[in-house]
Amino acid sequence: MSDPQTKLDGSSSEEKQDTEAIKIPTTARERDELDDLFDDFVSKKSIFINKDVLSIRHVPKIIPHRGEHIKKLGMILAPALRNDRPSNIFVYGKTGTGKTLCVLHTLNRIVERVKGTDSALRFAYLNCKLKKVADTEYRVIASLAKELGAKVPVTGLPTDEVYNIFLKKLDEQEQVVILVLDEIDRLVKKTGDEILYSLTRINSELKKSKLCLIGISNDVRFIENIDPRVKSSLGEEELIFPPYNALELKDILSERATSAFVEDSIHPAVLPKCAAYAAKEHGDARRALDLLRVAGEVAERAAAEEVKMDHIREAEDKIEKNRILELVKTLPNQSKLLIYSIFLLSKNKTDKLITGEIYQTYAELCKVNDNSILTQRRISDLISELDMLGLINARVISKGRHGRTREIYSTIPTDLTEIISEDLRGELRL
DNA sequence: AGGTATTCACATGAAACTATTCTCTGAGTTAGG
DNA sequence: TAACTCAGAGAATAGTTTCATGTGAATACCTGT
């Protein structure tokens with residue numbers, strides 16, 4: 001999959017089968033533009049060697065500028081090698097600072113080390129952000145139990161029953177189990193800290209096995225307002241991941257770029273530019289990698305042999321547009337109607353809009369679309385939400401005798417509003 | 001001219017209501033001993 | 001008989017509505033010069 005050569009081979013043979021299946025004799029067809037395009041693509045050298053290296057899921061062998069952290073993690077977790085319980089760890093850092101990466105890397109290495117010996121050690125990783133998987137107490141415990149190989153029904157059992165199943169499975173054999181709870185702050189925000197309390201207390205109920213918890217959070221204030229008992233036991237060891245600065249980001253990028261791109265296919269100014277862009281956004285390595293990947297794709301599509309600054313600029317634009325598009329797509333229907341009315345109004349009007357006229361347009365749209373009309377009170381809240389998302393700009397002003405209202409204008413570039421409007425029109429049957 | 005009161009058009013808060021999702025329970029079903 | 005499945009009840013939650021109160025400055029009105 002990762003090797004472009006095999007990928008191309010695979011798809012071309014598939015294509016052949018397909019054409020045979022629907023019985024279009026290739027010889028009878030005139031060569032057309034598409035054939036040329038495919039030929040071009042196949043014959044041309046790709047500037048990528050392995051694009052997967054730039055994806056978020058990729059776990060690289062070398063993690064630059066996190067040596068200290070990995071070492072510390074290793075030191076804390078090392079007792080597991082001797083079948084002792086390592087201290088619980090609380091890991092904190094903003095998104096894209098390499099928390100998850102370092103933890104998984106260290107755990108993989110430990111498991112690798114244990115392989116072949118008789119000490120039993122395993123780890124389970126759970127991302128609490130994922131809806132429908134780990135966003136309630138029941139689901140977390142059920143997922144954990146599943147990770148350990150127990151069968152748990154999706155619903156129908158009392159929580160403590162699932163808890164018992166989990167406990168039983170855990171205590172089946174003599175082993176050290178390391179539990180990684182990623183984005184633990186979300187879990188606690190949604191369900192409270194009871195699970196954490198029971199998980200931190202679980203060791204006293206276990207006879208054979210030992211459990212070690214690693215909590216990963218994006219939010220440092222999170223640890224301040226949880227149950228002090230949980231706090232002290234989860235935070236036996238704490239590890240803070242500071243954001244990367246531009247120089248470190250550049251190192252990370254060049255590290256990955258060497259295995260992702262063909263040699264000499266990146267203009268020297270490109271990596272610093274990517275790094276600077278991400279450093280601006282609180283040192284998020286994810287962003288930097290994303291930008292580089294998209295820039296590479298842009299360059300490849302433009303048949304360039306080198307990723308240049310122009311490609312970066314285009315990629316930046318593209319990523320931003322994608323972000324907005326995704327954001328709008330995931331909005332609830334009522335908000336979509338609202339934003340569509342804002343687009344409609346701002347098309348015919350140059351100056352700023354106010355809540356009242358938006359509400360009117362929205363109400364009419366609802367009628368046409370056979371949708372229930374929300375109250376102005378609610379719309380007022382929805383407008384604030386759109387403002388927080390950065391889709392519109394709104395501020396409260398007082399117009400004296402003419403009352404107090406919000407001044408609103410869309411911050412989305414006009415060419416994008418056209419695209420979104422088209423989408424919405426189709427989706428909302430307007 | 002200067003000061004005060006009014007007024008507009010919503011903003012903002014709190015409480016109440018509603019629909020949906022979770023969790024729990026008990027009853028029915030199934031499979032294996 | 002244990003394990004599983006499932007429907008229904010109650011609890012929790014998110015989304016909304018209703019009602020009440022707050023807000024800031026343009027404007028209307030008043031007062032004294």
Side-chain angles (χ1 to χ4, degrees), chain A residues 126 128-146 148-169 172 183 185-199 225-227 327-342 345-346 349 351-367 369-389 391-410 428:
Chain A
L126 198 65
C128 308
K129 181 179 73 175
L130 299 173
K131 276 194 171 175
K132 309 279 175 194
V133 178
D135 60 349
T136 66
E137 187 176 355
Y138 179 92
R139 282 175 176 165
V140 169
I141 306 286
S143 311
L144 289 176
K146 264 183 218 159
L148 295 177
K151 274 193 224 153
V152 186
V154 185
T155 174
L157 291 180
T159 311
D160 52 340
E161 186 77 13
V162 187
Y163 190 76
N164 282 336
I165 295 174
F166 170 64
L167 209 66
K168 224 169 161 186
K169 193 75 196 173
E172 224 168 37
E183 314 230 5
D185 46 329
R186 298 235 191 172
L187 178 67
V188 171
K189 209 178 274 171
K190 276 202 90 165
T191 65
D193 45 20
E194 263 165 65
I195 317 173
L196 291 186
Y197 183 67
S198 15
L199 282 178
N225 35 25
I226 57 174
D227 192 321
L327 210 58
V328 173
K329 264 186 199 155
T330 53
L331 246 34
N333 257 3
Q334 297 286 4
S335 299
K336 280 182 187 166
L337 274 167
L338 185 61
I339 204 156
Y340 184 57
S341 11
I342 294 175
L345 278 171
S346 51
K349 245 182 104 173
D351 52 335
K352 286 159 187 160
L353 309 168
I354 60 166
T355 307
E357 47 182 358
I358 291 175
Y359 184 70
Q360 267 182 14
T361 316
Y362 156 81
E364 276 166 35
L365 268 181
C366 280
K367 258 186 228 160
N369 201 34
D370 214 11
N371 227 317
S372 59
I373 304 173
L374 298 183
T375 50
Q376 186 151 321
R377 175 73 189 81
R378 183 86 252 269
I379 292 301
S380 179
D381 280 346
L382 289 183
I383 288 177
S384 313
E385 277 171 32
L386 291 181
D387 185 27
M388 294 235 286
L389 289 173
L391 294 173
I392 58 173
N393 220 328
R395 67 195 177 103
V396 178
I397 52 148
S398 179
K399 301 212 275 184
R401 201 88 219 267
H402 303 293
R404 235 163 81 93
T405 182
R406 271 203 183 86
E407 252 183 14
I408 298 152
Y409 56 94
S410 150
L428 301 168

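- Remark: Tyr359(A) pairs with no residue by the side chain to side chain donor-acceptor pair (under 3.5 Å) rule, at least two apart or across chains.
- Nearest approach of Ser372(A) to Cys366(A), heavy atoms of both residues: O-SG, 3.8 Å.
- Whole-Å rounding puts the Asn333(A) CG to dT16(C) C1' distance at 16 Å.
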Can you list the steps and then say if Leu389(A) with Leu331(A) is a side chain to side chain contact (heavy atoms under 4.5 Å, CB included)?
-> CA-CA 10 Å; Leu389(A) 289 173; Leu331(A) 246 34; 3.8 Å; yes
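- For the side chain to side chain donor-acceptor pair (under 3.5 Å) test, residues two or more places apart in sequence or in another chain that qualify with Ser380(A) are Arg406(A).
- Asp387(A) pairs by the side chain to side chain donor-acceptor pair (under 3.5 Å) definition with nothing, not counting sequence neighbours.
- Looking at residues two or more places apart in sequence or on another chain, you find a side chain to side chain donor-acceptor pair (under 3.5 Å) between Arg377(A) and Asp381(A).
- Interface residues of residues 354-362 of chain A facing DNA chain C, ordered by number: none; criterion, heavy-atom separation under 4.0 Å.
- In this structure, the side chain of Glu364(A) does not engage the main chain of Thr361(A) through any donor-acceptor pair within 3.5 Å.
- Shown for residues 374-386 of chain A: residues whose heavy atoms fall under 4.0 angstrom of DNA chain C, namely Leu374(A), Thr375(A), Arg377(A), Arg378(A).
- With rounding to the nearest 0.5 Å, the separation of CD in Glu357(A) from CD1 in Ile408(A) is 8.5 Å.
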At a cut-off of 3.5 Å, list every protein nitrogen or oxygen paired with a nitrogen or oxygen from nucleotides 2-4 of chain B, distance to 0.1 Å.
none

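- Residues Ser410(A) and Ile342(A) approach most closely at CB-CG2, 4.3 Å, considering heavy atoms.
- A straight line from CG of Leu353(A) to P of dA9(B) spans 17 Å, rounded to a whole angstrom.
- Applying the salt bridge (Lys or Arg N to Asp or Glu O under 4.0 Å) test to residues at least two apart or on different chains, the pairs with a partner in residues 395-404 of chain A are Arg395(A)-Glu407(A).
- Every salt bridge (charged side-chain N to carboxylate O under 4.0 Å, His left out) that Arg378(A) has, sequence neighbours left out, goes to Glu385(A).
- At least one side-chain heavy atom of Leu382(A) sits under 4.5 Å from a side-chain heavy atom of Leu374(A).
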Nucleotides 29-31 of chain C: which of its N/O atoms have a protein N/O under 3.5 Å away?
none

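- Counting all heavy atoms, side chain and backbone alike, Leu345(A) lies closest to Ile358(A) at CD1-CA, 3.7 Å.
- Within residues 392-406 of chain A, the residues having any heavy atom closer than 4.0 Å to DNA chain B are, in order of number, Val396(A), Gly400(A), Arg401(A), His402(A), Gly403(A), Arg404(A), Thr405(A), Arg406(A).
- In terms of heavy-atom proximity, Ile392(A) sits nearest to Ile383(A) at CD1-O, 3.6 Å.
- Counting only residues at least two apart or in different chains, side-chain hydrogen bond (donor to acceptor under 3.5 Å, both in side chains) contacts with residues 328-338 of chain A comprise Gln334(A)-Tyr362(A), Lys336(A)-Glu427(A).
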